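Encoded as C-alpha cells, the structure appears first; notes follow it.
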Amino acid sequence: MTTPKPTTGLDRLRGLQARGLLEKDHPTVAALLADEALTDTDLLRAGRLLANLDHDAVLTHHPGTPVVTVAVTGQSTVGRILDPLRAELARHGLLLRATVGEHGTYVRDLTQPQGSYDLTLCLLDAETVFCEVPVPWRAADAERAATEVLRRLAGLAGGFTGLLVLNTVPLLRRYTHQLVDHGSRAELGIVWREFNAGLLRLAAAHPAVVVIDLDPLIAEGGPAADPRMAAYAKEQLAAPLLAAYAREVGHLARSLCGRTRKALVLDLDNTLWDGILGEDGPEGIAAAGTLRGEAYGGFQKVVKQLGSQGVLLAVSSKNDERPVLEVLRGHPDMALRERDFVSVEAGWRPKDGALARIARRLGIGADALVFADDSPAEREQVRLGLPEVAVVPLDDEPALHVTRLLRDGWFDTLTLTREDRARTGRYREEGERRALRERAGSHEDFLRELRVGVELGPPRPHEYARLAQLTQRTNQFNLTGLRLRQHELAAVPLLLAARSTDRFGDNGLVGAVAGRYADDGLHLDNLWLSCRVLARGIEQACLSALLAYARERGLPAVYAGFRPTRANARARDFYPSLGFAETGHGGTEGEAVIFRHDLGVIPAIPGHVRIDATQLGSGKDGG
Amino acid sequence: MSPDSLGTLDGFLRLVRDDLGLVTDLAGPEAAECDLPDLPGWDSVNLLRLVTLLEQESGRAMPVGRILEARTLGEIYALVEDLR
C-alpha cells in the first residue's frame with residue numbers, strides 16, 4: 001500500500017481533463033501550475049496534457065485569453081520543445097499555437113513567407129556548424145563554417161519581419177577533444193566564442209532578433225546534449241536544456257503580451273535579513289558580518305539591482321511599522337534603504353490585503369506584482385487571496401534566495417528605456433507622499449511633514465517648453481483659462497516660474513505667473529499650478545510672496561482676474577481667500593471677475609512652505 | 001509513480017498512458033501489439049519522451065537505438081524487461 005500523496009496542481013489538472021473542464025476552467029490552469037510542489041517533470045507532464053486542449057473552446061469561454069503563435073525550426077529535431085513551451089506559456093495564462101519545421105530545414109523555413117507568428121524560434125546547435133565541416137578537420141575549418149553560418153543568419157535576420165529568436169551554441173567536448181593538441185583546442189575555443197559573440201551581436205544590429213544565451217542555462221545544470229538522442233533522433237539539444245530554454249521563451253512571450261511584472265513585494269524577516277526583528281530586536285538581525293547574514297546582504301544587492309532598472313520595490317511585513325522603518329533607515333547591514341522602496345506595508349493584517357493596497361497605491365494591477373516570502377503560510381494566503389500575484393518561494397536557505405528570485409525572469413523585457421530607469425524615483429516619491437498623507441493625523445500634519453519648498457523666479461532658458469506645456473495642460477488651477485504657446489511666452493512682461501520640492505524629491509516646474517507692472521500696481525493676468533501639487537500651500541505661498549514684494553516696492557495695489565472655465569470652479573475663491581476684494585467685472589462679456597488687493601494686510605506664507613528664493617522682477621525696467 | 005511501475009506490462013502501459021498523455025485506456029496484450037503510429041494520440045516525439053521517461057523511472061540507461069526502432073509497446077516492454 002502506498003500512502004496517499006497530497007493533491008498537487010498536476011493532479012487537479014488531470015482531474016479537470018478527466019471531467020472535460022479544462023477549457024471552461026482554463027483561467028485556473030496558471031494557478032494550478034504555480035503549485036510549489038510541481039517538479040520539472042510534472043511541468044512536462046502538464047505540457048503534454050495540455051496538448052489536447054481545445055483552443056477554440058477556451059476562447060469561446062474566455063475570449064480574452066492571449067494566444068501566442070510560434071514557429072519552431074532549427075538544424076536538429078526540435079519537436080521536444082513543444083511540451084515545455086506549452087506548459088511555460090500556460091503558467092503565464094497564454095495559449096500556445098505552434099508549428100514545427102522538420103530537422104535541417106531552418107534556412108528554408110526562415111526564408112519562406114513567415115505568416116504572422118509572434119515568435120519564430122530557430123534552435124541552433126553545434127551540428128549547425130559542424131555539419132559543414134569536412135573530415136578530417138582543423139580549427140580553421142570550423143572557423144570557415146561558423147563564419148558562413150553567421151553570415152547566413154545575418155542575411156535571414158535582415159529580411160525578417162516577426163521576432164526571430166536565436167540562441168548561442170554550446171561547445172561540446174566531443175568536438176574540442178577531437179583535437180589532441182592544446183593549441184588547436186584553444187583555437188577552436190576562440191572560434192566558437194567569436195561565433196557566439198557574433199550571434200549575440202545580431203540582436204544589437206537587428207531589432208527583430210533576440211538571442212537567448214544558453215551558457216547560463218547550461219551552467220545551472222547540464223548536460224547540453226545527449227549523444228544517443230543526437231545520434232539516433234537528430235535531437236542535438238538535451239531535453240532538460242530545451243525545457244530551460246522554453247522557460248526563457250515563456251518570459252519573452254509574457255513581455256510581448258504586455259504581462260511583464262512591474263513591482264516586487266518583499267517580506268523582511270528571514271527574507272531580507274537573518275532573524276526576526278520583533279523577537280531578536282535590531283541588534284539580533286543580520287544582513288552582513290555573519291555567514292548567513294552575508295547571504296541575505298547579497299540578496300538585498302540583487303533586489304537593489306532590479307530596482308535600478310525600473311522594478312518597483314515594496315515591503316509587506318508582519319511587524320510593527322516603527323522598528324521596520326528604523327532598520328531600513330539606520331541599520332548598518334542594510335543594502336536596501338527606505339528610499340529604495342516605493343511602499344512599506346508593515347503591520348499585522350493579512351498580506352493579500354497589504355499587496356492589494358500596494359498595487360492600488362502604485363496604480364497598477366495585482367497581476368503586475370511579484371511577492372517573495374520565506375513563509376509557506378504567507379505565500380499560500382496570498383495565493384488564495386490574490387491569485388494573480390506571482391509568488392516566489394524562498395525558504396530557510398538564504399544562499400538560494402537569488403536563484404529563486406531570478407528563476408522566472410518576472411521582470412524580463414525586450415528593451416529598457418530611460419523612462420523605465422527613472423520610474424522608481426517617481427513612484428517612490430508619489431507613494432511616500434501618499435503614505436505620509438495616510439499616516440498624518442490631519443492635512444495640516446501632512447503638509448508640515450511634507451516640508452514643501454518653493455522657488456519663484458524668472459524662467460531659465462531651458463524651461464520655456466515646459467512652461468508652455470504647463471499652461472496648455474493645466475485646467476483646474478488655471479484662473480482665466482489662458483493657454484500660451486512657447487513663442488508667446490516671450491511677450492509676457494512679467495513671467496515667473498514656480499518650482500517645488502518636498503522631502504521626497506524634486507517636483508520640478510509646477511506653476512507659473514503671468515503679469516505686468518503698471519502705474520496703478522501689479523496686474524496678475526493669470527496663475528497656473530499643476531494639479532499634482534495642488535492643496536499643498538504652494539499657490540498661497542507664491543501669491544503671499546508676490547503681495548509682500550509689491551508692498552515692499554511701494555506699489556499701490558495688486559490686481560487679479562478670475563474667468564470661470566469648465567474646470568476651474570474650485571479656484572473661484574482663491575483670490576478672496578487671500579484678502580483680495582471683488583471690484584467689478586471685465587472681459588468681453590463681463591464674465592471675468594476683477595479683484596484688487598490694497599496691500600494692507602499681507603497673508604502670511606503658510607508655515608509649512610519655505611520660499612527658497614524670490615526674484616520677482618519688474619518687467620522691462622528689471623530689478 | 002510507484003517504483004515497481006515497470007514490473008508488469010499493465011504497470012508499464014499505465015505509465016505510458018499517464019505520462020505521455022495518450023487519451024486511451026491502454027491495457028492488455030491488445031495495446032501492446034498495436035503498431036505505435038496506430039495508437040490514438042501517438043506522435044513522433046513520443047518515442048523520445050518514452051526513452052527519457054523509462055530512464056527516469058528505472059534509473060538505468062535504456063538501449064535508445066533499439067527502442068527507437070521498436071514497432072510496438074510490447075517490443076519496448078520486452079527491452080525494458082531484458083534490463084531487469
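Model, not experiment: these values are computed from the prediction. Naming convention: chains lettered A, B, ... in sequence-line order (proteins, then strands); numbering from 1 in each chain.
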Under 4.5 Å heavy-atom distance to chain A, tell me which part of B:Leu48 shows up: side chain, backbone, both or neither. both
Scan residues 42-79 of chain B for pairs that pass ring pair (Phe, Tyr, Trp, His ring centres under 6.0 Å), counting only residues two or more places apart or in two chains. B:Phe12-B:Tyr77
Give me each pair satisfying salt bridge (Lys or Arg N to Asp or Glu O under 4.0 Å) with a member in residues 72-95 of chain A, each pair once, sequence neighbours excluded. A:Arg48-A:Asp83, A:Arg80-A:Glu235, A:Asp83-A:Arg86, A:Asp83-B:Arg49, A:Glu88-A:Arg91, A:Glu88-A:Arg247, A:Arg91-A:Asp408
Can you tell which part of B:Gln56 gets under 4.5 Å to a heavy atom of chain A, answering side chain, backbone, both or neither? side chain
First locate atom CG of B:Leu53, then atom OG1 of A:Thr41, and finally report the distance between them rounded to the nearest 0.5 Å. 9.0 Å
Of the backbone (N, CA, C, O) and the side chain (C-beta and beyond), which part of B:Val45 lies under 4.5 Å from a heavy atom of chain A, both, or neither? side chain
Of the non-hydrogen atoms in A:Arg228 and B:Met62, which two are nearest, and what is the gap between them? NH1-O, 3.2 Å
Check whether any side-chain heavy atom of B:Val51 sits under 4.5 Å from a side-chain heavy atom of A:Met229, and report yes or no. yes
Could you report the tightest heavy-atom contact between A:Arg14 and B:Asp18, atom names first, then the distance? NH2-O, 3.6 Å
Tell me, yes or no, whether the heavy-atom count around A:Tyr175 atom OH, taken from other residues, nucleotides or ligands under 6.0 Å, exceeds 12. yes
Pull out the residues in residues 20-31 of chain A that come under 4.5 Å of chain B, heavy atom to heavy atom, sorted by number. none
side-chain hydrogen bond (donor to acceptor under 3.5 Å, both in side chains) pairs, two or more places apart, involving residues 30-39 of chain A: A:Glu36-A:Arg379, A:Glu36-A:Arg383, A:Thr39-A:Asp42
